[in-house]
Amino acid sequence: MKQRDVLLKLKNLPDNTKTVLDGLEKNKAPKTVVSDDAAGLMSAAEHTKLAGIPANANYYVHPESHPATMITGLHSVATSGNYNELKNKPTDLGAFTNNAGYALQSELHDHTNLAALNKITDAKITKWDEPVKWGAIEGVPSTIIYKNNNISLLNNDKGYVTRSELDDALGGSGGISDSKHTHANKAVLDLISAENWSSKVDTLTTTVATTNWALDDDGLYSCTITHNKGKNAIDVTAKTAAGEKLFIDYSSTENTVTVTTSAQYAATINITYANQALTI
């Protein structure tokens, strides 16, 4: 539109046009976004919020509490409080924890001396706990007229013997025989019987280091063990430090044993001697 045309239109406006325009200018919305304290333009987020409110919507605040009858679908026990309306409720006492410490039927018992037990009081227990002398006990005489000083009046439940019984058993009459005594190794001595001890043996165990072996002319290694047995060995065995058995040869005199093997070993040597014949 040309400027001339604009001027012509403004010239032909009604007389109250200026008043209307002044009112519009005065009441026009500011270009800032509306706030709680001042008018303004609506933001896009507020427009979206208002658009999401359905028609006839009401502001609602849920109460802090309300009766159970307001809720549908609840079991009847929720409103009646009747224990018998519970499902799967326990019927046996065993389903409960005995936190009160009630006694079981199996723990109940009878006392044949119940009348006497009922007479026990704290005062009597205190008196019983106090040390008293024999004569201070109520109803007991201060002196004992007859008392037992003799062992013979007691029941010999251990089977003790008297001096006279020992003398009779040993064939003597002048006191207990010197042959009646005790042995700390009685269990071993009781096993001795009248048998020939020629089959009994004596043993000697010794260790040999690798440096104790000497190389002989045949390329074998030997060592000589001196002992004080005074008799020849009847058997000699040897093992390495690892417990492996060695193949050996040996010769013996009354005071020495010579062992021969193929190499130098750190070994344990067991020598067995025959005991002298002894017949009981």
Side-chain angles (χ1 to χ4, degrees), residues 104 106-107 109 129 131 147-280:
L104 300 177
S106 59
E107 296 174 341
H109 57 279
D129 288 339
K147 56 185 177 181
N148 180 17
N149 288 331
N150 298 320
I151 296 178
S152 59
L153 297 178
L154 301 176
N155 180 33
N156 187 8
D157 58 330
K158 294 295 184 179
Y160 297 119
V161 296
T162 65
R163 290 176 178 270
S164 60
E165 289 172 335
L166 285 176
D167 286 337
D168 293 341
L170 297 172
S173 59
I176 299 176
S177 173
D178 291 339
S179 62
K180 188 64 178 181
H181 52 275
T182 60
H183 291 281
N185 61 339
K186 182 177 183 301
V188 177
L189 297 178
D190 287 343
L191 299 176
I192 298 176
S193 60
E195 61 177 301
N196 193 316
W197 277 24
S198 298
S199 61
K200 302 299 181 181
V201 297
D202 186 13
T203 59
L204 171 67
T205 301
T206 185
T207 56
V208 177
T210 56
T211 55
N212 295 132
W213 299 91
L215 182 65
D216 61 18
D217 295 337
D218 296 326
L220 299 176
Y221 291 88
S222 62
C223 70
T224 299
I225 302 165
T226 302
H227 59 85
N228 59 355
K229 298 292 183 179
K231 49 194 171 183
N232 290 326
I234 62 173
D235 187 39
V236 178
T237 60
K239 290 185 178 181
T240 65
E244 299 175 353
K245 185 176 181 180
L246 290 178
F247 181 76
I248 63 169
D249 188 18
Y250 73 92
S251 61
S252 173
T253 69
E254 290 185 353
N255 296 307
T256 63
V257 173
T258 301
V259 181
T260 303
T261 187
S262 60
Q264 293 174 300
Y265 294 99
T268 300
I269 298 177
N270 295 308
I271 306 171
T272 304
Y273 307 90
N275 257 339
Q276 296 177 354
L278 175 63
T279 302
I280 296 179

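In this chain, numbering begins with 1 at the start of the sequence shown.
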Quiz item: Donor-acceptor pair, Trp213 side chain versus Ala263 backbone, under 3.5 Å?
Solution: no
Self-check item: From OH (Tyr221) to CG (Asp216), nearest 0.5 Å
Solution: 9.5 Å
Exercise. Give every residue pair that meets the side chain to side chain donor-acceptor pair (under 3.5 Å) criterion with at least one member in residues 247-264, sequence neighbours excluded.
Key: Thr224-Thr258, Thr253-Thr256
Exercise. Working to the nearest 0.5 Å, report the span between CG of Leu220 and CD1 of Ile248.
Key: 12.5 Å
Quiz item: Just one of Thr268, Ile269, Ile271 clears the side chain to side chain contact (heavy atoms under 4.5 Å, CB included) bar with Thr205, so which one?
Solution: Thr268
Quiz item: Counting only heavy atoms not in Asp217, do more than 12 fall under 6.0 Å of its CG?
Solution: no
